[in-house]
Amino acid sequence: MTIALLGLVILGSLLFAVYCLVGYYERVSTLRAEVGTLEESIEQKRQRLEELERVVESLREAQPKLERKCHQAQRWIEQLKAQNERLQSRSKPIQGEVERHIEAVRTGEGA
Amino acid sequence: MEYAVVLGALALVIAVKAFTAMALNKEEITQRRLTGDDRELGSKIAALSATERQLLRENKSAEEQLHQVENEKDEFLVAIQKFGATPVDEPTEEAVFGFQKQSAAGTPVTVSANENRVTELDEESEEPPDEQNAENVGAGDAASDEGSLPLASAGVTPAGFQGEVDAGSSGTAEAEEDSRSRVLIVDDNSELRDLLTEALGETYAIDSAPDGLEALHRLMKQGCRYDVVMTDLNMPHIDGIAFLDRLPEGIPAIVMSAYLDRPEFAQALTHPRATRVLEKPFRLSDVRAAIESAVGPKGTEGKGEIETEAETPTAS
């Protein structure tokens, strides 16, 4: 009887140990899969972050360049405007001459 | 003995339970840490994405502003070229913004920008020397005795284009890609432009413009890399004769017109830049022949050998 009880205790202990180990491996395998997914996600996010940092950096660099270019073009426009005004003021007598010439051709005086 | 066996079994159970609990705890800690990292990275990405969007908006707005400024600049460039003048050069960055040098003591020293360039140009433009006068107004009196148009006699000639012809004729990669002769058709009749483009497009690289102003603009943009120009006489903005007056040296011109009775036609016949005059309507074979004869030695041949083609209507 005593031997039978001892056998039951030993068997029960072994079964419980096996149950614990099986539960542990099931839980661990789930956790490791989640960890793998997380590591993959983290790697992708790091790459995305690096890419975004590069883009943001280039955009930050481009902004003042664009503003400088715009300012430079505006300064050029001022100069072109001044040149255009000078040319217009100088061309007025020339335009008059052109009109006189065209009129002379039309009326046959210039022939 | 029995107690020892029972205690041993209990110890085994406790050891297994403790081991699994500790190992699981370790794995869970790793998982929580990684989850935290993942969330942190996600929030960083969200913040950077917002910054990126904002910067993109700002850049887009700056680009639009730049585009408007460029358009305005182009308008002035075209307006100045209408006078046959060379536009002033784009100011350098140093001239606009100044630049910083490090002094010997290491403190930045700002070198002043050339803020008064326009004013200086105005001041010196009372009677500027020819070589400094970008507009070339009053520089070409030699032409005045030749009986040409007053605009040309007043020196409003495209001296600035000559340099572009030289630059264009040096040959670029683009020109090497298409070895066909480049023909610019200038006519306000879009149907005729399309017809000629379709008919000549297989043999020549055709470009077209609706008036003389646009044609000059294209010549400037393309670096004058045209082998021949075909122009109508009656067009808006700049007519054919005024266009011929402003046409860069080295580009032969074929004039097309339907109005024999107009003085412009007589002018075209005697114009030094017109290598050939075709009367509309004309045959495509005549157009081809005119282009071939003009393209050959590039504009030197045919001057003074002006011919009219009046008999055979095909294209109008």
Side-chain angles (χ1 to χ4, degrees), chain A residues 2 5-6 9-10 12-14 16-17 20-21 23-24 27-28 31-32 34-35 38-39 41-42 45-46 48-49 52-53 55-56 59-60 62-63 66-84 86-88 90-91 94-95 97-98 100-102 105-106 111, chain B residues 2 5-6 9-10 12-13 16-17 19-20 23-24 27-28 30-31 34-35 37-38 41-42 44-45 48-49 51-52 55-56 58-59 62-63 65-66 69-70 72-73 76-77 79-80 83 85 87-88 90-91 93 95-97 117-118 121-122 125 134-135 137-138 149-151 154 156 263:
Chain A
T2 309
L5 280 172
L6 281 172
V9 167
I10 290 167
S13 302
L14 285 173
F16 185 72
C20 285
L21 285 171
Y24 163 76
R27 176 74 183 130
V28 158
L31 278 174
R32 282 186 182 159
E34 283 175 14
V35 165
L38 278 170
E39 279 173 346
S41 158
I42 284 170
K45 282 182 178 170
R46 279 203 179 116
R48 170 87 181 120
L49 196 64
L52 271 174
E53 278 169 349
V55 170
V56 165
L59 284 171
R60 280 192 176 131
Q63 183 77 10
L66 280 170
E67 282 169 5
R68 284 169 77 90
K69 205 173 166 186
C70 194
H71 189 63
Q72 200 174 346
Q74 279 170 339
R75 180 59 58 85
W76 193 13
I77 285 171
E78 286 170 17
Q79 295 180 1
L80 290 171
K81 202 173 175 181
Q83 187 187 13
N84 191 32
R86 281 200 304 278
L87 286 166
Q88 278 178 344
R90 284 175 187 170
S91 73
I94 298 169
Q95 291 290 353
E97 198 186 334
V98 172
R100 280 196 300 280
H101 179 87
I102 291 169
V105 169
R106 277 185 187 149
Chain B
E2 293 86 1
V5 171
V6 170
L10 282 172
L12 174 70
V13 166
V16 167
K17 187 68 186 168
F19 164 76
T20 52
L24 272 175
E27 292 287 339
E28 279 170 355
T30 308
Q31 192 227 18
L34 288 175
T35 308
D37 288 353
D38 191 48
L41 280 172
K44 274 185 186 173
I45 286 172
L48 263 182
S49 295
T51 311
E52 185 199 18
L55 284 170
L56 278 171
E58 286 173 8
N59 270 27
E63 274 171 7
Q65 194 185 352
L66 182 63
V69 169
E70 293 278 347
E72 195 181 347
K73 182 194 78 188
F76 276 113
L77 284 173
I80 287 167
F83 291 102
V88 292
E90 184 176 10
E93 278 200 25
V96 177
F97 302 105
R117 185 164 176 192
V118 176
L121 282 172
D122 284 342
S125 65
E135 292 108 21
V137 173
L149 273 178
L151 273 175
V156 189

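Chain naming here is simple, since letters A, B, ... match the order of the sequence lines and numbering starts at 1 in each. Computed from a prediction, not measured in an experiment: that's the story for all the values here.
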Query raised in the report: Non-hydrogen atoms of chain B under 4.5 Å away: do they reach the side chain of A:Val28, the backbone, both or neither?
Result: both
**Report entry** A:Lys45: partners by side chain to side chain donor-acceptor pair (under 3.5 Å), with sequence neighbours left out
**Finding:** B:Asp38
Query raised in the report: Heavy-atom distance under 4.5 Å to chain B: side chain of A:Gln63, backbone, both or neither?
Result: both
Query raised in the report: Most heavy-atom pairs under 4.5 angstrom with chain A, which of B:Glu63, B:Lys17, B:Glu58?
Result: B:Glu58
Query raised in the report: Are the charged groups of A:Lys81 and A:Glu78 less than 4.0 angstrom apart, N to O?
Result: no
Report summary line: Pair count under 4.5 Å, heavy atoms only, with chain A: among B:Leu12, B:Val5, B:Val16, highest is B:Val16
Report task. Tell me, with the steps shown, if A:Ser13 and B:Leu10 meet side-chain contact (heavy atoms from CB on, under 4.5 Å). Result -> CA-CA 7 Å; A:Ser13 302; B:Leu10 282 172; 5.8 Å; no
Requested in this report: Test side-chain contact (heavy atoms from CB on, under 4.5 Å) on B:Glu52 and B:Leu48 and set out the steps.
Outcome: CA-CA 6 Å; B:Glu52 185 199 18; B:Leu48 263 182; over 6 Å; no
Query raised in the report: How would you list, by chain and number, every residue that makes a side chain to side chain contact (heavy atoms under 4.5 Å, CB included) with A:Gln74, sequence neighbours excluded?
Result: A:Cys70, A:His71, B:Gln65, B:Val69
**Report entry** chain A contacts, top residue of B:Val13, B:Leu41, B:Ile45 (heavy-atom pairs, under 4.5 Å)
**Finding:** B:Ile45
